[in-house]
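Chain naming here is simple, since letters A, B, ... match the order of the sequence lines and numbering starts at 1 in each.
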Amino acid sequence: MTTLIVVAGLAIYVLLYMTYGKKLERDVIKASDENETPANRLFDGVDYVPAKPPVLFGHHFASIAGAAPIVGPVVAMAWGWVPGLLWVWFGNIFIGAVHDYLSLMASVRYDGRSVQFVASDVITKRTGKLFYWLVFFLLILVIAAFAAVVGKTFVGDPKVPTAFFLMVLSALILGVLMYRVKMNFTPATIIGIIMLGASIYGGALWPVELGYSTWMIILFFYIIIAAAIPVDVLLQPRDYLNSWLLYFGLALGAVAAIFSFHGFTAPAFTSFAPIVTGGKPSPFWPVIPLVIACGSLSGFHSLVGSGTTSKQLEKESHGLPIGYGSMLTEGFLSTLVVASVAGFGLQLMQDAGESITVANWGSQYVKSMSATYPNAVMFSHSYAQMVATTWLGFIPISVVQVIAGMWVAAFAMTTLDTTNRLARYTISEIAMPLKEKGSGSYDFLTNPWVASMIPAAIGIYLAWSGNFAILWPSFGSANQLVASITLLTGAAWVSKRLKGKSTAVAICTIPAYLLWITVTAAIIWFSSVALPGTIKANPVTGVTVLVIEIAMLILNFIFMYDFLKYRKQPLEQEK
Amino acid sequence: MKSVFFTGKGGVGKSSLSAAAAWQLAEQGNRVLTTSFDPAHNLGDIFDEQLSHRITRYKKTSLYLQEIDLEKSAQEYLKSSVGILEEVYSYTRAFNMDKYFRILRYSPGVEEYAALVAMEHLFRRESENFDYIVIDTPPTGLTLRILALPKVTLAWLDRLIQIRLQILDKRYTIHNITGKHDGKETKLPYTEDEDTVMRKLREMVTRYETVQSFLQSPDNNIALVCNPDVLSLKESQRLVTGTKELELPLRTLFVNKVTSENADAADRVEKELLDEIPEVALKRVPMFRQDTPECYIMDTDLTGPLGFTTEKKA
Amino acid sequence: MTNIHGKGGKGFFRVFLEKALSFFSIIGSSHREKAAELTRFEAKELENLFVLLLMGSFTGIPAPPSFIAAELLPHLEHEIKVLNARAHAASDSMAEIIGLLDID
């Protein structure tokens with residue numbers, strides 16, 4: 001069954017890439033190699049430099065891949081394996097990958113400007129400002145959610161923290177080798193990979209058990225420090241090692257899934273509204289986008305794509321494989337996750353003593369999963385089981401567990417510390433109006449330490465409650481809100497600038513409106529049904545999240561108002 | 001070769017004294033060049049000659065005269081830097097934008113730089129040819145800025161070199177990693193030898209260090225000329241402070257235009273200044289007529305206080 | 001197109017080897033880029049700063065004396081390009097930073 005699903009997923013993606021993807025390219029974007037991309041037209045050897053498609057693909061994919069495509073599907077298993085999988089497949093193909101592709105191409109046609117800029121042009125200037133606030137909230141929630149992921153993973157599988165900190169050490173050493181001693185690249189890489197392997201083995205050998213709160217404190221200081229030191233000390237070499245981990249994990253997982261031939265033990269479908277978040281029955285629609293973000297749809301991707309990728313696109317025809325294709329690849333990754341948990345999750349939980357069965361899966365899954373193998377750990381252990389059933393089973397199972405656990409933890413950690421750096425930047429942008437007022441508040445807010453501490457402190461504080469079932473969807477809500485706004489921006493661009501045929505425009509606007517409605521409904525449901533339960537249990541966390549959700553909802557409505565108002569207005573200047 | 005800069009407020013008698021000192025040194029058998037950087041250009045009047053930037057011999061003596069036209073120097077320097085900019089931005093000629101580069105004339109530092117360049121050339125070219133170079137300086141503010149220029153420039157150069165080294169280091173790292181796999185077309189220099197900018201920076205450092213060390217050397221003397229009055233005193237104090245900050249050797253103080261009426265004032269001025277620079281060699285110079293021919297000849301010996309030996313050369 | 005039957009063209013094995021090598025070299029390239037990405041960004045920022053300092057003397061910012069700039073500028077063509085590129089991007093930098101920093 002694992003094999004079947006994985007192969008089917010691959011086939012569906014490839015098929016629809018060829019048909020639907022190509023249609024997008026041809027009829028909606030009307031991509032043509034005759035149009036010179038900004039990488040060529042504005043070539044400056046600095047930012048605008050055309051890159052070879054496979055290299056750019058690797059870069060873009062590595063930038064968008066991370067921990068979220070793994071954690072999301074694990075939680076979504078509560079609905080049974082079919083609903084989540086359908087969202088991963090068709091949500092991705094018709095909404096998520098479209099979103100990525102549109103934002104990339106819009107950016108390309110706007111000389112490599114960001115999606116935020118495009119929004120200011122096709123909708124209104126206010127939208128641009130709105131982005132900063134949204135991104136700021138998103139960053140705080142990212143820190144909260146991902147710190148919780150890491151914390152739970154560290155507690156749920158004590159081998160992982162050891163491996164992780166050994167990897168940090170390896171990265172520091174690699175940094176010295178590559179950037180100070182300036183050793184030759186290939187030997188340095190080999191040493192790096194060896195150290196990475198050693199960290200993984202080390203993790204398997206020497207697990208470290210600490211409490212969740214202790215990890216939160218450690219994480220807090222780690223984030224602040226890592227965001228302050230020069231990038232080539234830790235960040236750069238660590239990113240580099242991570243990319244090796246990513247490809248290896250993906251390859252191992254794909255091979256294992258295809259050769260595993262294992263049946264699914266989890267139910268295909270439990271109910272429309274099993275217990276997923278806030279201990280409340282969560283309707284599949286509209287909540288699913290909050291749970292599965294990056295595997296199907298993610299607002300971050302539009303910002304990533306319009307940053308560097310659009311400035312390096314050599315030909316317009318490369319946009320489809322890179323923008324649309326890498327999102328599908330991430331979907332494939334999520335497919336692997338579903339396959340492994342569906343195949344091995346039930347057994348794992350039952351062996352751990354949980355009284356979960358196929359029958360009570362809907363109400364029991366989230367509880368059991370959190371109790372035994374929270375989120376990422378559920379994935380890592382299922383994944384390890386899957387590998388063990390194949391000819392790759394010679395690798396010790398504890399090692400495979402560390403590999404998979406590290407995968408999630410390492411990527412979650414990179415997100416954490418770079419998020420902090422980014423938050424500093426957004427704070428300074430948001431605080432800009434204060435500068436003119438002349439008060440010392442601008443200086444205070446933009447002081448590097450203060451600007452670092454604010455998001456870290458809020459985020460970690462939220463994560464402290466450990467209420468993952470609330471934190472994860474709240475991150476999802478912010479992320480998808482950004483996604484719905486960027487998809488609507490893309491749709492506005494298509495209708496205003498490209499002036500395509502009405503069917504072509506509909507391919508973009510219908511998903512865009514649907515998404516907006518879904519996300520708005522999801523946030524409303526989340527704020528009114530799921531959160532109130534939490535407020536009794538963790539008041540500060542609950543209220544903070546509620547305030548953020550309401551603020552985002554207000555911004556959301558302002559955006560929709562502007563969008564509808566300026567929808568029919570022609571653009572002021574022709575590009 | 002020894003040098004002396006005659007500094008002080010306008011009108012205190014710098015030009016007269018520098019002319020007189022130069023004459024005395026020449027009489028002792030030395031080859032002496034006296035040059036004026038002062039825009040007021042009194043030197044030519046004193047010697048009753050038409051002077052220019054070309055060094056001319058005074059009658060048949062061992063005294064040589066020169067007047068540096070700072071404005072002309074500045075114009076020439078500007079022409080060459082505008083020329084460089086026009087080369088770099090040659091497309092601006094097509095749009096008649098090049099005339100906007102003329103605004104550079106008002107850039108701060110142009111005059112100072114022109115003076116510094118002239119001074120540097122002078123010392124480099126003429127130190128072999130002369131035993132003494134006597135310099136009549138522009139008014140205090142400009143003089144201080146000129147004298148400060150090597151130090152200021154060296155501070156900036158040091159900072160620029162630091163940044164440049166970091167840039168080269170990072171480029172080297174990138175090259176080491178991406179090497180011949182780098183897709184970028186142009187090759188950027190990443191070692192010090194290959195980097196023209198770095199070489200130029202180092203050259204400039206050498207040049208200014210040379211000037212700086214020369215200005216601070218025992219063969220150089222900053223002589224301060226003041227009059228027995230309050231304004232002159234105030235300005236002289238500024239010069240004292242300035243030369244102290246720049247660590248330049250102010251060795252001689254001439255109190256000029258002393259008469260029986262202002263002798264008390266002269267006492268007070270001397271006392272004030274000696275408080276600040278106790279080791280200075282002090283000399284009172286009585287008022288003398290300046291409107292007669294050969295007014296550069298005076299009785300008061302200036303060479304002794306300047307710290308130069310008075311032995312006659314054969 | 002390559003002829004896999006070896007008639008008047010390259011043999012199958014040769015073609016396979018070439019393709020495999022180019023595949024690995026692309027992966028290698030991609031990895032190298034990843035390893036150098038942030039350093040490249042830093043280098044650009046420093047180059048920007050360097051030439052900005054020098055240019056400052058022409059625009060009234062406290063800066064090195066303009067003669068230093070006049071002497072160095074002809075050799076700073078690349079840095080001036082960086083300055084211009086950075087100036088364009090300055091108003092729109094959020095996406096670039098997000099792209100560089102590995103946010104999921």
Exercise for review: Check each of A:Thr189, A:Val55, A:Thr186 against C:Arg32 using the side chain to side chain contact (heavy atoms under 4.5 Å, CB included) test, and report the only one that passes.
Suggested key: A:Thr186

Point to revise | Residue pairs involving residues 180-192 of chain A (criterion salt bridge (charged side-chain N to carboxylate O under 4.0 Å, His left out); sequence neighbours excluded) | key: A:Arg180-A:Asp232, A:Lys182-B:Asp169

Review point. Side chain, backbone, both or neither: which part of A:Gln116 has a heavy atom under 4.5 Å from chain C?
Key: side chain

Study note, to complete from the structure: Between the CD atom in C:Glu37 and the OG atom in A:Ser63, the distance rounded to the nearest 0.5 Å is 6.0 Å

Revision key, fill the gap. If one checks every heavy atom of A:Tyr247 against chain C at 4.5 Å, the contacting part turns out to be side chain

Practice item. Determine whether more than 12 heavy atoms belonging to other residues, nucleotides or ligands lie under 6.0 Å from atom OH of A:Tyr132. Key: yes

**Study point:** Residue A:Val135 versus chain C: region with a heavy atom under 4.5 Å
**Key:** side chain

Revision key, fill the gap. Heaviest contributor of heavy-atom pairs below 4.5 Å to chain C, chosen from A:Pro54, A:Gly58, A:Ser310, is A:Pro54

Check your understanding: Where do C:Thr39 and A:Gln236 come nearest, in terms of heavy atoms and distance?
Key -> OG1-NE2, 2.9 Å

Check your understanding: For C:Glu47, is it the side chain, the backbone, both, or neither that has a heavy atom closer than 4.5 Å to a heavy atom of chain A?
Key -> neither

Practice item. Could you tell me which residues satisfy salt bridge (Lys or Arg N to Asp or Glu O under 4.0 Å) with A:Glu314, sequence neighbours excluded, listed by chain and number? Key: none

Point to revise | C:Glu45 CD: over 12 foreign heavy atoms closer than 6.0 Å | key: yes

Study note, to complete from the structure: Of the listed A:Tyr48, A:Trp244, A:Tyr179, the one with the largest count of heavy-atom pairs under 4.5 Å with chain C is A:Trp244

